[in-house]
2 protein chains.
Amino acid sequence: MALRNAVLAALIDRESSGYDLAKRFRVSVANFWTSTPQQLYRELEKMEAEGLLTARVVKQEKRPDKRIFSVTLSGRDALRAFTQQDPKPTTVRDELLVQVEALAHADVPSVRESIRARIEQSRQRLDAYEKLLAEILGPRSHEEFLATGNRIGPYLTLSRGISFERENITWGELALSVLARRYP
Amino acid sequence: MALRNAVLAALIDRESSGYDLAKRFRVSVANFWTSTPQQLYRELEKMEAEGLLTARVVKQEKRPDKRIFSVTLSGRDALRAFTQQDPKPTTVRDELLVQVEALAHADVPSVRESIRARIEQSRQRLDAYEKLLAEILGPRSHEEFLATGNRIGPYLTLSRGISFERENITWGELALSVLARRYP
DNA sequence: GGCGCCTAGTCACTTTTTTTACTATGCAAC
DNA sequence: GTTGCATAGTAAAAAAAGTGACTAGGCGCC
C-alpha cells in the first residue's frame with residue numbers, strides 16, 4: 001500500500017512501461033524508494049485493477065510489445081490524498097553500516113573492501129543524479145530555476161539524493177582512513 | 001535473515017532484554033536498521049533456538065521479569081561470517097520524499113507541515129546521536145579517540161547518523177524556503 | 001481515584017518483500 | 001554459431017515485516 005504512492009509519483013508526469021519504470025526506480029527513484037521489478041509488475045497490475053492506472057498496449061516490431069501505464073483521475077486523487085497524510089518515518093536498511101558497527105568482531109579486510117565498493121557506487125549515483133539535475137535545470141541557474149522552474153519536486157528530491165551520496169563518499173573516506181590507521 | 005545481523009551487532013557488546021533492544025533500535029540502531037519490537041521478539045526467539053543467543057531470566061520485584069539475551073560463540077562466528085559477505089545495497093524508504101516528488105500534484109500546506117515535522121524529528125535525533133557520541137568519546141578529542149579508542153565501529157556509524165540528520169535539516173530548510181517562495 | 005505512560009512482553013493476522021525460475025526476441029561481439 | 005546482454009515481461013512460493021489487540025503491575029500527577 002506504500003509502494004503504490006511511489007509508483008503514482010513516478011508515473012504522474014511521465015507514463016512508462018513496467019520495464020521502464022523498473023529502470024527508473026533503479027537509477028533515480030531509489031533515492032527515496034527501493035523496489036524490485038517483480039514488485040513493480042505486481043503493483044502495476046493491482047493498481048490497474050483498482051482503476052488508479054490505465055494501460056495501453058504498444059506494439060513493437062523488433063521487441064516484445066509493451067504496456068504503457070498512466071495515472072487516471074482516480075489515481076491523481078489517491079496521490080493527492082496521500083500527500084495529505086502524515087508520512088511514516090524514514091526506514092533505512094544498510095548492511096554495510098551493520099558490518100561497520102560490528103567492526104571489532106569483523107573480518108576487517110572484507111569490510112574495508114565493502115567500504116571501497118560503496119564509495120564507488122556512491123560516485124556513480126552522484127554522477128547520475130547530477131546529470132538528471134542538470135537536465136531539470138536546463139540553461140538556468142539554481143536561483144532562476146527556484147524562482148520560475150516547474151519541476152520543483154524532482155529538483156528537491158534529487159538535491160537530497162545528491163547530498164546523501166556526497167555524505168556517503170565523505171564518510172567512506174573517513175572510515176577508510178580510520179581503518180588504515182587502526183588496522184594497518 | 002538480515003535483521004539477525006543487526007541484532008548480533010547490537011548485542012555483541014552489550015547484552016539486553018528484548019524490550020531494551022527495541023528501545024536501542026528506536027533511538028540509535030534506527031540509524032542503519034529499522035525494526036519493530038514484534039519483529040525483534042520473534043527474531044530473538046528464533047536466534048535463541050538456533051543457538052546464536054542465550055537467554056537468562058532476571059527476576060524483578062517491581063517489574064515483570066525479563067529475559068536478557070547475549071551472543072554465543074556460534075553467534076560470534078555468524079557475525080564474523082556476515083562481515084565477510086558483500087553487503088546488499090542500502091534500501092531507503094522515505095514517504096516524505098515521495099510526497100515532495102509529487103509536489104506539483106500535492107496538498108502543499110500538508111507537505112509543508114510534514115517537512116517541518118521532519119526537521120524537528122531530525123533535530124531530536126541529531127541531539128541524541130551527539131550525546132551518544134560524546135559518551136563514546138569521553139574526555140578525548142576526536143583525534144585522540146581515533147588513535148586509541150576502542151569503539152571505532154559505533155563511532156563511525158554514529159558519525160554517519162549525525163551527518164545524515166544534519167543533511168535532513170539543511171534539506172528541510174531549503175525545501176521550506178522554496179515552498180515559501182513558490183507557494184506563498 | 002482515575003488517566004495515562006513505562007516496563008516487559010505475547011498472540012494472531014495480514015501485508016509486503018524477496019527469491020527463484022521461467023518465456024521470448026534481437027543485437028553485437030568474438 | 002554461441003555467449004552474453006538488453007528488452008519485456010509472468011508465476012509461485014517462501015520469508016520477512018508490519019498491524020492491532022491483549023496482559024499486568026507500578027508510578028506519578030492532578
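Computed from a predicted structure; not experimentally measured. Quick note on labels: first sequence line is chain A, next is B, and so on, each numbered from 1.
For the pair Lys59(B) NZ and dA8(C) C1', the computed distance is 15 Å after rounding to whole Å. Taking atom CG on Leu44(B) and atom P on dC11(C), their separation rounds to 15 Å, with Å as the unit. Counting to the nearest Å, the C1' atom of dT10(D) and the NZ atom of Lys66(A) are 18 Å from each other. Arg26(A) has its CZ atom 8 Å from the P atom of dA6(D), to the nearest Å. Atom CG of Leu21(A) and atom P of dG9(D) are 10 Å apart (whole Å). Glu50(A) places its CD atom 12 Å from the P atom of dT15(C), with the value rounded to the nearest Å. If you measure from atom CD of Glu45(A) to atom C1' of dG9(D), you get 10 Å, rounded to the nearest angstrom. Tyr41(A) has its OH atom 17 Å from the P atom of dT18(C), to the nearest Å.
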Contact state string [nucleotides 12-20 of chain D, B base, S sugar-phosphate only, - no protein heavy atom under 4.0 Å]: -B--SBBBB
Verdict with supporting geometry, Arg42(A) and Glu45(A), salt bridge (charged side-chain N to carboxylate O under 4.0 Å, His left out): CA-CA 5 Å; Arg42(A) 229 172 343 182; Glu45(A) 287 310 313; over 6 Å; no
Derivation of the side-chain contact (heavy atoms from CB on, under 4.5 Å) call for Thr83(B) and Leu103(A): CA-CA 8 Å; Thr83(B) 66; Leu103(A) 196 59; over 6 Å; no
Trp33(B) vs Val98(A), side-chain contact (heavy atoms from CB on, under 4.5 Å): CA-CA, chis, key distance, verdict: CA-CA 8 Å; Trp33(B) 206 273; Val98(A) 176; 3.8 Å; yes
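Remark: the Glu120(A) side chain and the Gln124(A) side chain contain an N/O donor-acceptor pair separated by less than 3.5 Å.
In terms of heavy-atom proximity, Thr90(A) sits nearest to Thr34(B) at O-CG2, 4.4 Å. Nearest heavy-atom pair across Ala2(A) and Glu95(B) is CB-OE2, 3.9 Å.
One finds a salt bridge joining Glu173(B) and Arg123(B) here, because a Lys/Arg side-chain nitrogen approaches an Asp/Glu carboxylate oxygen to under 4.0 Å.
Residue Tyr19(B) has a polar side-chain atom (N or O) positioned under 4.0 Å from OP1 or OP2 of dT7(C). Checking the phosphate oxygens (OP1, OP2) of dT7(D), no side-chain nitrogen or oxygen of Ser17(A) falls inside 4.0 Å. In this structure, Lys23(B) reaches the dT7(C) phosphate: one of its side-chain N or O atoms is under 4.0 Å from OP1 or OP2.
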